[in-house]
Protein chains: 2
Amino acid sequence: MNARGRPRGFDREEALKRAMNIFWRRGFDNTSISDLTDAMGLNPPSIYAAFGSKEQLFLEALDLYSQTNGDGIWDYLESANTAHQAIWMLLRATAENYTRGTSPRGCMIVLSAPQMEGGNATVCEELKERRQQNVSLLQRRLERAIVEREIGRETDCTSVAAYFTCVQHGMSIQARDGASRETLLAIADSAMAGWGALVSPA
Amino acid sequence: MNARGRPRGFDREEALKRAMNIFWRRGFDNTSISDLTDAMGLNPPSIYAAFGSKEQLFLEALDLYSQTNGDGIWDYLESANTAHQAIWMLLRATAENYTRGTSPRGCMIVLSAPQMEGGNATVCEELKERRQQNVSLLQRRLERAIVEREIGRETDCTSVAAYFTCVQHGMSIQARDGASRETLLAIADSAMAGWGALVSPA
DNA sequence: CGATTTATGTAACGGACGATACACATCGAG
DNA sequence: CTCGATGTGTATCGTCCGTTACATAAATCG
């Protein structure tokens, strides 16, 4: 009992990758089905048969983005030995990731649909949740650093996580506005300058 | 030779204010003429006669935003005695400004149209230029602080300005995502924590 | 071989968009 | 008053949007 009917005439993953790139560059609302058919080399019925709708296609593209572009950044959180090193490398990896010549600049999750009203509600909510998950990841890493006695028990992990997340989000805007990799790396370093004052002593 | 013809039946400034609010909340592309007619209480021909086009209306609304909402923030840059105090107050004022109950959260200039492709090119370019002007303002204030011997001559004013601008931009995203005033104020304080390491000694 | 199932290409759907044509209302000038 | 000028309301323009109907192509199943 194998695939019945006419087989799909295109590579679904390749098509999804192209959709991701154009959503990333133009955002959800500013990407039309016509844009997608051009970029994916498909006609509308093929897209709808394979992905369901523009909204579902975007959500799949968002998953692909998180897996292929996000992980390279967030892996450092757990792999680095200290929270200080982890966040520093996270920010520096972000700077490099946001200024790759071949990819759109900045983060798809931050830039795709910043308006909470007027656009697609499901998409907005999904993006918002993913952004907030990143705050939680940072916060948990800081709490782990308390347990491991890297930083003191008095550290306000929630505020510090919000601060570094804020810097990362801001880097998306700067990257989209054309900031150089050097500028973003300098921002990453600057953001770490206050570390000693942000965490309480171990 | 005074105003000939039928006089305008509405308050132009009040209508512009309402347009600003809805553009601020929904962004440029996600605000339709229908949204504007509802919010402004006008029919399309009245809007077009008074403001020209959706694009021109937005640009006027953007000017109004800068005058009524931006100045409260940026005035501190020149009025404060030191660059340190100026930037700190700038960030704290930003935190308060972005979390006023009556207004949309976050900055209109940052959130209205973050995509450089697919939307209105003129609007995108205008917003980008205004964002970059803010970097220049910060940079000049830091250079003044060098002249006034508040900070050392080795300070990398460009990088430091980019860093604080980045924090401010990030606060717009956080505010739009629902961050509390306390969270944003904590971010402002956190961002200042590295000041001593960011500037060279006087 | 049909019969069935799935994918594709063409062509178009209803609806929303930004923007206007047109008739009418309301002003100042003469 | 009449005349020219300008604002307003209705009703609509052409275009693009996301989506789909329909006929046809290409595969498996019996």
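Please read all numbers here as calculations on a predicted model, not as lab measurements. Labels below follow one simple rule: chain letters A, B, ... track the order of the sequence lines, proteins then strands, and each chain is numbered from 1.
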The side chain to side chain contact (heavy atoms under 4.5 Å, CB included) partners of A:Asp29 (sequence neighbours excluded) come to B:Asn30
B:Asp29 CG to D:dC17 P, in whole Å, measures 12 Å
Taken in chain and number order and not counting sequence neighbours, the residues that satisfy ring-ring contact (aromatic ring centres under 6.0 Å, His included) with A:Phe58 are A:Phe23, A:Phe28
B:Ile33 CD1 to D:dC17 C1', in whole Å, measures 16 Å
Here the gap from B:Asp35 atom CG to B:Arg26 atom CZ, rounded to the nearest 0.5 Å, amounts to 4.0 Å
When rounded to whole Å, the NZ to P distance for the pair B:Lys54 and C:dA19 reads 8 Å
Residues passing the ring-ring contact (aromatic ring centres under 6.0 Å, His included) test with A:Tyr76, sequence neighbours excluded, are none
Scan A:Thr31 against the nucleic acid and name what it touches under 4.0 Å (heavy atoms): base, sugar-phosphate only, or nothing.
-> sugar-phosphate
Across all chains, not counting sequence neighbours, the side chain to side chain contact (heavy atoms under 4.5 Å, CB included) partners of A:Ser159 are A:Asp156, B:Ala186
In whole angstroms, the gap separating C1' of C:dT10 from OH of A:Tyr48 amounts to 16 Å
Rounded to whole Å, the CZ-P distance (B:Arg26 to C:dC17) equals 9 Å
Hits for side chain to side chain contact (heavy atoms under 4.5 Å, CB included) against A:Asp75, two or more places apart or cross-chain, chain-then-number order -> A:Asp71
**Prompt:** OP1 or OP2 of C:dC17 less than 4.0 angstrom from a side-chain nitrogen or oxygen of B:Ser32, does that happen here?
**Reply:** yes
Each nucleotide of nucleotides 1-15 of chain D classed B (base within 4.0 Å of a protein heavy atom), S (only sugar-phosphate) or -, in 5' to 3' order, makes ----BBBSBB-----
Of D:dC17, C:dC17, D:dT19, the nucleotide closest to the side chain of A:Ser53 is D:dT19
Whole-Å distance, A:Ile47 CD1 to D:dC17 C1', equals 14 Å
Between CG of A:Asn30 and P of D:dC17 the distance, given in whole Å, is 11 Å
Between CG of B:Leu36 and C1' of C:dA16 the distance, given in whole Å, is 14 Å
